[in-house]
Amino acid sequence: AVNVSDQRWSLGVRVLHWLTVVALAAQLAVAFGPMAAPGMAPMKWLPLHMSIGVIVTAMILLRIFWRIFTRTPVRPLPRPVRFAGVLVHACLYATILAVLITGWLAYRPMPFMPPARLFGSLPMPLAPAVDGLSARAFAVLHARLVWLLLGLVGVHVLAALAHAALLRDGVMRGMSLGRPNATPRE
């Protein structure tokens, strides 16, 4: 029998996971809410959007670094299920990073406008220009990647729910912040 504590991610990984969820939800609320308004209204929200992006970048890089040095929970899952989990997670990380990078590459302050300030005080550094691609092209790519990210998040959530409701194998409990109180069905 596998110990229940061996089936859980470390507390740091679990906390970073849920903080990332909250930060991405806030980012999407700003992006699809006030930043989707017509005219100049989105410019007012751009510093907040970029500040949250910096927070998400830091969390994702920390998660990747932490993940390299953290053991994976022990779970008796079939090889195809484990492979699908690794693939979806790799795609999630890669897509989040691509969204963040394309967002930064798309940022160009408008003429006669002061540059956006991160967290209200730090000037946002400009990304290097990429030959052959305009800031507008990166903005379009950024928006398309957000939709890809939402699709991957949907797959991730559906898989977590399938593990919890159908397979009852403890995978969902492995990322929960609560105490391990039950042994998964064998």
Side-chain angles (χ1 to χ4, degrees), residues 9 11-68 85-161 172 175-177:
W9 288 98
L11 179 61
V13 169
R14 289 180 282 145
V15 168
L16 278 172
H17 173 270
W18 293 108
L19 287 175
T20 304
V21 168
V22 169
L24 287 172
Q27 188 70 305
L28 290 169
V30 170
F32 287 110
M35 286 195 67
M40 294 301 291
M43 296 309 292
K44 178 178 155 187
W45 292 91
L46 187 61
L48 176 62
H49 184 70
M50 292 188 314
S51 295
I52 296 171
V54 168
I55 291 169
V56 171
T57 301
M59 284 194 294
I60 290 297
L61 293 176
L62 181 58
R63 284 181 69 173
I64 290 170
F65 180 77
W66 197 317
R67 177 66 183 88
I68 291 169
V86 168
L87 180 64
V88 168
H89 284 93
C91 288
L92 274 168
Y93 281 113
T95 304
I96 291 170
L97 287 172
V99 167
L100 295 165
I101 291 167
T102 55
W104 183 44
L105 290 166
Y107 170 65
R108 292 288 181 261
M110 298 174 83
F112 307 110
M113 269 189 99
R117 299 212 168 265
L118 299 173
F119 311 106
S121 62
L122 302 169
M124 177 67 182
L126 289 179
V130 177
D131 289 338
L133 289 173
S134 67
R136 177 77 182 131
F138 280 114
V140 169
L141 181 57
H142 178 71
R144 289 184 179 159
L145 285 169
V146 167
W147 288 107
L148 175 61
L149 176 60
L150 289 172
L152 287 168
V153 166
V155 169
H156 180 67
V157 169
L158 286 174
L161 292 173
M172 184 84 163
M175 192 50 80
S176 71
L177 293 173

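Interatomic distance, Arg14 CZ to Trp9 CH2, rounded to the nearest 0.5 Å: 11.5 Å. With rounding to the nearest 0.5 Å, the separation of OG1 in Thr95 from CG in Leu100 is 10.5 Å. Expressed to the nearest 0.5 Å, how far CD1 of Ile96 lies from CG of Leu148 amounts to 10.5 Å. Interatomic distance, CG of Leu149 versus CG of Leu28, reported as 7.0 Å (0.5 Å rounding). The CE atom of Met59 sits 6.0 Å away from atom CG of Leu19, with the distance rounded to the nearest 0.5 Å.
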Practice task
Check the pair Val99 / His142 against side chain to side chain contact (heavy atoms under 4.5 Å, CB included), numbers first and verdict last.
Solution key: CA-CA 5 Å; Val99 167; His142 178 71; 3.5 Å; yes
Exercise for the section: Quick one: do Leu141 and Leu133 satisfy side chain to side chain contact (heavy atoms under 4.5 Å, CB included)? Show the steps, please. Expected result: CA-CA 11 Å; Leu141 181 57; Leu133 289 173; over 6 Å; no
Practice task
May I have the step-by-step check of side chain to side chain contact (heavy atoms under 4.5 Å, CB included) for Val130 and Phe138, ending in yes or no?
Solution key: CA-CA 10 Å; Val130 177; Phe138 280 114; 3.8 Å; yes
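Looking only at distances, a side-chain donor or acceptor of Arg108 sits under 3.5 Å from a matching main-chain atom of Ala127.
Relative orientation of the His156 and His17 rings is tilted, given thresholds of 30° and 60° on the angle between their planes.
The side chain to side chain donor-acceptor pair (under 3.5 Å) check on Trp18 picks up nothing, with sequence neighbours excluded.
Leu16 and Trp66 get closest at one heavy-atom pair: CD1-CE3, 3.6 Å. Across all non-hydrogen atoms, the minimal contact from Pro128 to Leu105 is O-CD2, 3.5 Å.
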Return a table of donor-acceptor pairs under 3.5 angstrom between the side chains of residues 30-55 and protein atoms on other chains or two or more places apart.
residue	atom	partner	partner atom	Å
His49	ND1	Gln27	OE1	2.9
Ser51	OG	Pro47	O	2.8
Ser51	OG	Phe119	N	2.7

